Amino acid sequence: MSVPGLRRAGMVDMEPNTTLVQQYPAHEAVPESSSPSPSVIVLPDARGLTPEVRALANRLAREGFFTLAPNPYAHPFSVAAGAPPWMSYPMEIAAEEGFSGFPVRSSFRIEEEAEARALAASLSPERVRELVGRTIGYLALCAEADPGRVGILGLGVGGRNGFRAACELGERVRALAVWSGGGIAARFPLRPAETMPILEYESLRSPVLFLYGATDREAGAAEREAIGRILAAAGVPHEIAVFPEAGHAFFDEESPDFRIAASREAWEKTVGFFRGALAPSPGGSRA
């Protein structure tokens with residue numbers, strides 16, 4: 001797909017086995033660069049792979065980052081096992097006009113928040129680990145990406161998922177940015193039986209940038225303070241920025257919480273953070 005300012009952008013399947021369909025679909029955005037680019041994995045919030053998330057991935061690519069936004073709600077199907085006919089269209093977005101009857105949803109509108117949160121509650125740590133690990137594996141196969149310089153940007157519930165994934169994947173993740181990630185150092189209402197990701201902090205090998213709205217009730221002041229205390233005691237490089245008069249979804253243009261000033265500042269901080277954390281190592285080369 002031709003997108004101004006990019007080499008290409010559109011949906012891909014990160015599964016190299018062509019006998020399988022609907023394995024690991026993702027929105028891929030590739031910068032115009034003559035050398036392997038640092039890579040950013042965007043983990044969506046509960047509403048999934050919305051047009052806004054894909055546009056965000058394109059913006060990151062225009063800043064020079066090879067960007068992948070995987071669909072967190074895709075499920076594997078095999079042609080050999082008799083996949084239904086609709087599975088032959090794995091790259092389409094279910095919530096878009098013309099696909100209202102599509103059985104597998106990958107994104108939800110703002111008025112469908114209850115349905116989105118119910119599906120987000122089904123994402124186990126094992127599935128998230130598999131998804132992020134597969135995404136990093138796909139980057140290793142792309143000549144335009146540098147799999148040794150990988151960052152994660154997690155939005156909302158994607159921030160929580162990103163924090164846990166960064167801990168589990170250790171040195172494979174070089175930078176983590178979290179926008180409004182709740183349930184990291186507090187009980188997570190969607191999966192109350194799960195342990196808190198902050199308990200895995202000893203495995204974290206990347207600096208972390210946290211961005212929150214001051215009035216966010218899903219990631220309140222007590223949790224933000226707990227994150228800061230634990231990471232400071234552990235010597236993990238981190239920054240926690242809080243935007244006054246901004247709520248949970250300050251970055252989501254479809255949400256009543258959207259705040260343009262906070263969104264712009266979050267963007268500038270995140271791009272600067274990734275530029276620094278994903279800079280080439282002296283004498284480094286593509287992994």
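Just so it is clear, the structure is predicted and the values come from calculations on it, not from any experiment.
- Defined by atom type and a distance below 3.5 Å, a donor-acceptor pair is present between the side-chain atoms of His27 and Asn58.
- Summarising the geometry of Leu6 relative to Pro31, their closest heavy-atom pair is CD2-CA, 4.3 Å, with the distance given to 0.1 Å.
- Under the 4.5 Å side-chain heavy-atom criterion for ILVMFWY residues, no single connected hydrophobic cluster contains both Phe108 and Phe258.
- Side-chain contact between Ile110 and Asp252 is present, with heavy atoms from C-beta onward closer than 4.5 Å.
- Under the rule for a salt bridge (Lys or Arg N to Asp or Glu O under 4.0 Å), the partners of Arg117 that lie at least two apart in sequence or sit in another chain are Glu218.
- Under the rule for a side chain to side chain donor-acceptor pair (under 3.5 Å), Glu223 has no partner lying at least two apart in sequence or in another chain.
- Using a distance-only test at 3.5 Å, with no hydrogens or angles considered, no donor-acceptor pair links the side chain of Ser37 to the main chain of Ala145.
- The minimum heavy-atom distance between Ala29 and Ala57, with the atom names listed, is CB-O, 3.7 Å.
- In the hydrophobic clustering of this structure, Val128 groups with Leu199; members are Ile, Leu, Val, Met, Phe, Trp, Tyr whose side-chain heavy atoms approach within less than 4.5 Å, directly or through other members.
- Looking only at distances, no side-chain donor or acceptor of Thr50 sits under 3.5 Å from a matching main-chain atom of Ser107.
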Quiz item: How far apart are the C-alpha atoms of Leu155 and Val53, what are their side-chain angles, what is the distance that settles it, and do they pass the side chain to side chain contact (heavy atoms under 4.5 Å, CB included) test?
Solution: CA-CA 9 Å; Leu155 313 174; Val53 171; 4.2 Å; yes
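- The line from CZ of Arg229 to CD1 of Ile198 is 10.5 Å long, rounded to the nearest 0.5 Å.
- Here the side chain of Asp45 pairs no donor or acceptor atom with the backbone of Gly156 at under 3.5 angstrom.
- Cluster annotation: Val12 is connected to Leu131 through the hydrophobic network of ILVMFWY side chains, with a link wherever side-chain heavy atoms come within less than 4.5 Å.
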Exercise. Let me see the working for Arg217 and His248 under side chain to side chain contact (heavy atoms under 4.5 Å, CB included), right down to the final yes or no.
Key: CA-CA 7 Å; Arg217 287 180 291 183; His248 179 71; over 6 Å; no
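- For Arg47 and Glu112, the salt-bridge test fails: no basic side-chain N is under 4.0 Å from an acidic carboxylate O.
- Here the side chain of Arg7 pairs no donor or acceptor atom with the backbone of Glu144 at under 3.5 angstrom.
- Taken from NE2 in His238 to CG in Leu204, the straight-line distance is 11.0 Å, to the nearest 0.5 Å.
- For CD of Glu171, the number of neighbouring non-hydrogen atoms (other residues, nucleotides, ligands) closer than 6.0 Å is 12 at most.
- Salt bridge annotation for Arg259-Glu245: absent, with no cationic side-chain nitrogen under 4.0 angstrom from a carboxylate oxygen.
- Distance CG/Leu169 to CG/Leu176: 11.0 Å, rounded to 0.5 Å.
- Salt bridge Glu168/Arg129: present, at least one basic N to carboxylate O contact under 4.0 Å.
- Partners of Glu111 by side chain to side chain donor-acceptor pair (under 3.5 Å), not counting sequence neighbours, listed by chain and number: Arg109.
- The minimum heavy-atom distance between Gly48 and Tyr73, with the atom names listed, is CA-CE1, 4.0 Å.
- Within the structure, every pair that satisfies the ring pair (Phe, Tyr, Trp, His ring centres under 6.0 Å) test and touches residues 165-185, not counting sequence neighbours, is listed here: Trp179-Phe251.
- Of all non-hydrogen atoms in Ala46 and Ala120, the two that sit nearest each other are CB-CB, 3.9 Å.
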Exercise. Would you sort out whether Lys269 and Glu239 count as a side chain to side chain contact (heavy atoms under 4.5 Å, CB included), showing the intermediate values?
Key: CA-CA 10 Å; Lys269 280 181 171 290; Glu239 177 186 354; 2.9 Å; yes
Quiz prompt | Candidate pair Glu63 and Arg275, rule salt bridge (charged side-chain N to carboxylate O under 4.0 Å, His left out), full reasoning | solution = CA-CA 9 Å; Glu63 295 290 342; Arg275 285 199 196 288; 2.5 Å; yes
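- At distances below 3.5 Å, at least one donor-acceptor pair connects side-chain atoms of Arg160 with backbone N or O atoms of Gly183.
- In this structure, the separation between OG1 on Thr67 and CZ on Phe274 is 9.0 Å, given to the nearest 0.5 Å.
- The minimum heavy-atom distance linking Pro70 with Val42 is given by the pair CD-O, 3.3 Å.
- Scanning for salt bridge (Lys or Arg N to Asp or Glu O under 4.0 Å) contacts around Glu200 gives Arg164, with sequence neighbours left out.
- Looking at Ser122, its side chain does come within 3.5 Å of a backbone N or O of Leu119 through a donor-acceptor pair.
- No side-chain heavy atom of Phe66 sits under 4.5 Å from any side-chain heavy atom of Val40.
- Taken to the nearest 0.5 Å, the CZ atom of Arg205 stands 9.5 Å off from the SG atom of Cys167.
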Quiz item: Given Ile41 and Val132, is the side chain to side chain contact (heavy atoms under 4.5 Å, CB included) satisfied, shown in steps?
Solution: CA-CA 8 Å; Ile41 299 168; Val132 177; 4.3 Å; yes
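- Contacts of Arg264 classified as side chain to side chain donor-acceptor pair (under 3.5 Å), with partners at least two apart in sequence or in another chain: none.
- Within the structure, ring pair (Phe, Tyr, Trp, His ring centres under 6.0 Å) contacts touching residues 127-174 (residues at least two apart or in different chains) do not occur.
- For the residue pair Arg224 and Ile240, the shortest heavy atom distance occurs at O-CD1, 3.5 Å.
- Sequence neighbours left out, not one pair with a member in residues 199-221 passes ring pair (Phe, Tyr, Trp, His ring centres under 6.0 Å).
- Side-chain heavy atoms closer than 4.5 Å link hydrophobic residues (I, L, V, M, F, W, Y) into clusters, and following such links, even through other members, never connects Ile184 to Val157.
- When the ring-ring contact (aromatic ring centres under 6.0 Å, His included) test is applied to Phe243, the partners found at least two apart in sequence or on another chain are Phe250.
- Hydrophobic clustering (side-chain heavy atoms under 4.5 Å, transitive across Ile, Leu, Val, Met, Phe, Trp, Tyr) groups Val236 together with Ile230.
- The closest side-chain heavy-atom distance from Ser106 to Pro25 is not below 4.5 Å.
- Side-chain N or O atoms of Arg54 include none that pairs as donor or acceptor with a backbone N or O of Gly10 at under 3.5 Å.
- Between the side chain of Asp13 and the backbone N or O of Tyr24 there is at least one donor-acceptor pair closer than 3.5 Å.
- Among Thr135, Val208, Val173, Val178, the single residue meeting the side-chain contact (heavy atoms from CB on, under 4.5 Å) criterion with Ile152 is Val173.
- Applying the side-chain contact (heavy atoms from CB on, under 4.5 Å) criterion to Ala121, with sequence neighbours excluded, gives Leu190.
- For Pro38, the side-chain contact (heavy atoms from CB on, under 4.5 Å) partners at least two apart in sequence or on another chain are Phe65, Arg149, Leu278.
- Of the inter-residue distances, the one linking Leu211 atom CG with Asp216 atom CG reads 12.0 Å to the nearest 0.5 angstrom.
- The side chain to side chain donor-acceptor pair (under 3.5 Å) check on Glu254 picks up nothing, with sequence neighbours excluded.
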